[in-house]
> 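Let me give you the structure first, and then I'll get to my questions.
Read the numbers this way: they start at 1 and go in the same order the structure lists the ligands and their atoms.
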Amino acid sequence: MKPIRRRPWDEREDRVTPPEAVLGRRRFLQGSGAVATAPLFGWFEGRSEPPPEPAIAPERYPAARSPRFADAGRPLTPERYALSYNNFYEFGTGKDVADAAQALRLRPWTVRIDGLVEREIEIDAAELIRRMPLEERIYRFRCVEAWAMVVPWTGFPLAELVAFARPLSAARYVRFETFLDPDTAPGQRLDWFPWPYVEGLTLEEATNELALMATGLYGRPLERQNGAPLRLVVPWKYGFKSIKSIRRITFTAERPRTFWSVVVPHEYGFWANVNPDVPHPRWSQRTERLLGSDERVPTRIYNGYGAWVGHLYRGLAGEELFR
Ligand SMILES: Nc1nc2c(c(=O)[nH]1)N[C@H]1C(S)=C(S)[C@@H](COP(=O)(O)O)O[C@H]1N2
Ligand SMILES: [Mo]
């Protein structure tokens with residue numbers, strides 16, 4: 001593995017002096033529209049929260065849109081829905097978790113790559129993101145609860161990360177693990193859940209062209225509620241496979257035990273490929289509701305991505321591919 005190079009511009013945002021420190025608070029607020037920026041700078045009013053953190057690798061956004069994924073055949077979901085209607089059980093069981101998720105501290109944030117690899121490493125998330133080829137892709141996204149959205153992710157192919165990790169030939173699966181910090185994430189104090197959140201893919205799935213490590217959304221670094229600083233996006237599978245805020249990636253010979261398949265084994269399996277003909281015990285999968293318009297549209301097998309991934313599942317007829 002190549003040594004991790006530090007280039008002069010890598011620390012750029014860390015060295016930038018916050019403008020309010022230079023100008024003085026009053027002039028800064030006057031000059032920047034105090035009303036609009038007030039929530040961000042609330043800490044300045046003597047509140048106890050730490051100051052806002054600089055974004056991760058902000059100079060890489062917006063990334064060029066991939067011509068192969070420039071059109072998902074449906075209009076984009078208005079940004080405010082994707083940023084305010086979320087599933088992130090670490091911060092609550094409802095959809096309104098965005099405020100609570102702001103407690104997540106993104107610095108330092110390292111990603112450990114371990115298990116069946118040539119050399120285990122721990123790498124700073126910003127450094128990892130800077131080493132990877134970022135692009136923007138518009139994908140359909142389908143939650144098992146039958147809501148759906150169409151959003152422009154920024155990220156890099158998971159296949160690039162697999163190549164970077166150099167798995168050994170015995171590796172068959174990739175296991176992903178989220179952070180564990182009950183002080184920050186109140187949901188993690190609910191101890192009937194098997195924290196931390198874990199997901200997994202086969203190595204063939206992980207190296208499929210569609211599998212994306214997302215680092216941004218709508219042309220900016222990911223917000224915390226969407227899984228900053230990096231999360232998986234596998235658009236042919238139900239949304240719970242797209243694990244947020246990844247801290248550890250492990251290459252294994254055995255199929256990982258995934259979070260929801262441990263919590264409710266008869267409802268959630270390992271594969272979780274989208275299929276309108278296989279209902280979930282609590283949700284028909286025939287149609288889906290588009291965030292924003294609330295329009296209902298027919299669900300498609302593999303969420304319409306069968307041409308990319310259908311071949312992965314030939315010969316796996318004995319598996320429960322759609323749960
Ligand atoms: N760590 C973690 N990742 C997670 C979840 C979660 O609760 N915790 N929820 C999943 C589910 S069920 C969905 S539908 C998507 C939602 O992603 P979004 O909020 O960015 O739309 O995140 C997935 N990733
Ligand atoms: Mo979901």
Side-chain angles (χ1 to χ4, degrees), residues 76-104 106 109 111 137-155 175-182 184-190 192-201 211-218 220-249 256 258-264 267-269 272-274 280 282-283 285 288-292 299 303 323:
L76 279 190
T77 301
E79 180 176 335
R80 63 182 186 282
Y81 292 92
L83 268 65
S84 66
Y85 186 92
N86 303 103
N87 274 331
F88 204 165
Y89 272 64
E90 285 81 347
F91 295 101
T93 54
K95 304 294 174 221
D96 55 341
V97 289
D99 284 349
Q102 302 316 304
L104 192 61
L106 302 182
W109 191 287
V111 179
R137 296 182 177 189
I138 299 177
Y139 276 170
R140 296 178 295 279
F141 185 92
R142 172 62 152 81
C143 174
V144 73
E145 299 160 341
W147 57 265
M149 60 183 185
V150 180
V151 294
W153 301 106
T154 306
R175 177 186 184 275
F176 303 87
E177 189 180 288
T178 305
F179 68 93
L180 181 62
D181 182 5
T184 304
Q188 292 185 333
R189 291 174 224 154
L190 305 175
W192 59 84
F193 287 113
W195 305 111
Y197 198 103
V198 167
E199 260 306 336
L201 298 172
L212 190 72
M213 289 299 293
T215 63
L217 189 57
Y218 294 98
R220 300 193 312 273
L222 276 178
E223 296 293 335
R224 289 166 176 73
Q225 63 268 31
N226 296 106
L230 86 166
R231 58 99 53 94
L232 182 64
V233 177
V234 277
W236 70 100
K237 293 176 178 285
Y238 291 116
F240 64 86
K241 297 292 293 182
S242 292
I243 180 174
K244 295 178 172 180
S245 304
I246 294 167
R247 289 299 303 262
R248 185 175 173 199
I249 299 172
T258 58
F259 182 82
W260 285 110
S261 71
V262 172
V263 178
V264 205
E267 293 192 3
Y268 304 103
N273 295 309
V274 174
H280 180 276
R282 287 179 284 143
W283 300 282
Q285 301 298 11
E288 58 206 50
R289 173 178 65 89
L290 301 181
L291 287 192
T299 290
N303 199 22
R323 182 177 66 95

> Tell me whether Glu90 has any N or O atom under 3.5 angstrom from an N or O of ligand 1.
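By distance alone, the answer is yes.
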> Among all protein heavy atoms, pick the one closest to atom 17 (O) of ligand 1 and tell me residue, atom and distance.
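Closest protein heavy atom to atom 17 (O) of ligand 1: Arg231 NH2, 3.1 Å.
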> Which atoms of ligand 1 have any heavy atom of Ile243 under 4.0 Å away?
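Those atoms are 3 (N), 24 (N).
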> Which of the numbered atoms in ligand 1 are under 4.0 angstrom from any heavy atom belonging to Phe240?
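Once the distances to Phe240 are compared, the set is 10 (C), 11 (C), 12 (S).
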> Salt bridge (Lys or Arg N to Asp or Glu O under 4.0 Å), that's the test. Do Lys95 and Glu145 meet it? Break it down for me.
CA-CA 12 Å; Lys95 304 294 174 221; Glu145 299 160 341; 2.8 Å; yes
> Would you please classify the geometry between the Phe259 ring and the Tyr197 ring as parallel, tilted or perpendicular, with 30° and 60° separating the classes?
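Judged by the thresholds at 30° and 60°, the geometry between Tyr197 and Phe259 is parallel.
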> Is the Tyr89 to Trp260 ring centre distance short of 6.0 Å?
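Yes, the ring of Tyr89 comes within the 6.0 Å limit of the ring of Trp260, centre to centre.
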> Considering non-hydrogen atoms of the protein only, which is the closest contact for atom 3 (N) of ligand 1, and what is the distance?
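So the nearest neighbour among protein heavy atoms is Lys244 N, 3.0 Å.
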> Among protein heavy atoms, which lies nearest atom 24 (N) of ligand 1, and at what distance?
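Nearest neighbour among protein heavy atoms for atom 24 (N) of ligand 1, to 0.1 Å: Ser242 O, 2.9 Å.
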> What do we get for Tyr238 next to ligand 1 when only non-hydrogen atoms under 4.0 Å count, side chain, backbone, both or neither?
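It is neither part, as no heavy atom is under 4.0 Å.
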> Does ligand 1 have a heavy atom under 4.0 Å from the side chain of Trp147, from its backbone, from both, or from neither?
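Just the side chain.
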> Considering the heavy atoms of Tyr89, write down every atom of ligand 1 situated less than 4.0 Å from one of them.
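Selected atoms, number and element: 6 (C), 7 (O).
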> Is the shortest distance from a heavy atom of Phe259 to ligand 1 less than 4.0 Å?
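Checking ligand 1 against Phe259, which is what was asked, there is no heavy-atom contact under 4.0 Å.
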> Looking only at heavy atoms, what is the nearest atom pair of Ala98 and Asn86, with distance?
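Scanning both residues completely, I find the closest heavy atoms to be CB-OD1, 4.4 Å.
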> Counting heavy atoms only, name the option from Thr77, Leu222, Asn226 that's nearest to atom 20 (O) of ligand 1.
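Among Thr77, Leu222, Asn226, the closest heavy atom to atom 20 (O) of ligand 1 comes from Asn226.
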> For a quick check under 3.5 Å, do Gln225 and Gln102 share a side-chain donor-acceptor pair by atom type?
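Per modelled atom types, Gln225 and Gln102 side chains form a pair under 3.5 Å.
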> Taking only Lys NZ, Arg NE, NH1 and NH2, and the carboxylate oxygens of Asp or Glu, determine whether Glu199 and Lys244 approach each other closer than 4.0 Å.
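Answer for the salt bridge query: no.
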> Give the atoms of ligand 1, by number and element, whose distance to some non-hydrogen atom of Gly239 is under 4.0 Å.
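Going through ligand 1 atom by atom, the ones under 4.0 Å from Gly239 are 10 (C), 11 (C), 13 (C), 14 (S), 15 (C), 22 (O), 23 (C).
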> Which part of Met149 is near ligand 1, with near meaning a heavy atom under 4.0 Å away: side chain, backbone, both or neither?
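Contact part for Met149 vs ligand 1: side chain (C-beta onward).
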> Of the side chain and backbone of Thr178, name the one, both, or neither that has a heavy atom under 4.0 Å from an atom of ligand 1.
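For Thr178, the contact with ligand 1 is made by the side chain alone.
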> How close does the nearest protein non-hydrogen atom get to atom 6 (C) of ligand 1, and which residue and atom is it?
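Scanning the protein heavy atoms, the shortest distance from atom 6 (C) of ligand 1 goes to Tyr197 CE1, 3.3 Å.
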> Could you verify whether a donor N or O on one side chain and an acceptor N or O on the other, from Arg142 and Thr299, lie under 3.5 Å apart?
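Yes, because at least one side-chain N or O of Arg142 sits under 3.5 Å from a partner of the opposite role on Thr299.
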> Start with the C-alpha gap between Arg220 and Glu79, add the side-chain angles, then the distance that decides, and say whether salt bridge (Lys or Arg N to Asp or Glu O under 4.0 Å) holds.
CA-CA 11 Å; Arg220 300 193 312 273; Glu79 180 176 335; 2.9 Å; yes
> Is a salt bridge present between Arg247 and Glu177, judged by a nitrogen-to-oxygen distance below 4.0 Å?
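Looking at Arg247 and Glu177, the cut-off is not met.
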> Which residue supplies the protein heavy atom nearest to atom 9 (N) of ligand 1, what is that atom called, and how far is it?
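The protein heavy atom lying closest is Asn87 O, 3.3 Å.
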> Taking 4.0 angstrom as the limit, do Glu288 and Arg140 come out as a salt bridge?
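Between Arg140 and Glu288 there is no salt bridge, as every charged N stays at least 4.0 Å from the carboxylate O atoms.
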> Looking at Arg323 and Glu267, is any side-chain nitrogen of the basic one under 4.0 Å from a carboxylate oxygen of the acidic one?
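Salt bridge absent between Glu267 and Arg323.
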> Just go through Pro196, Ala214, Cys143, Ala98 and tell me whose heavy atom is the nearest to atom 14 (S) of ligand 1.
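It is Cys143 that holds the nearest heavy atom.
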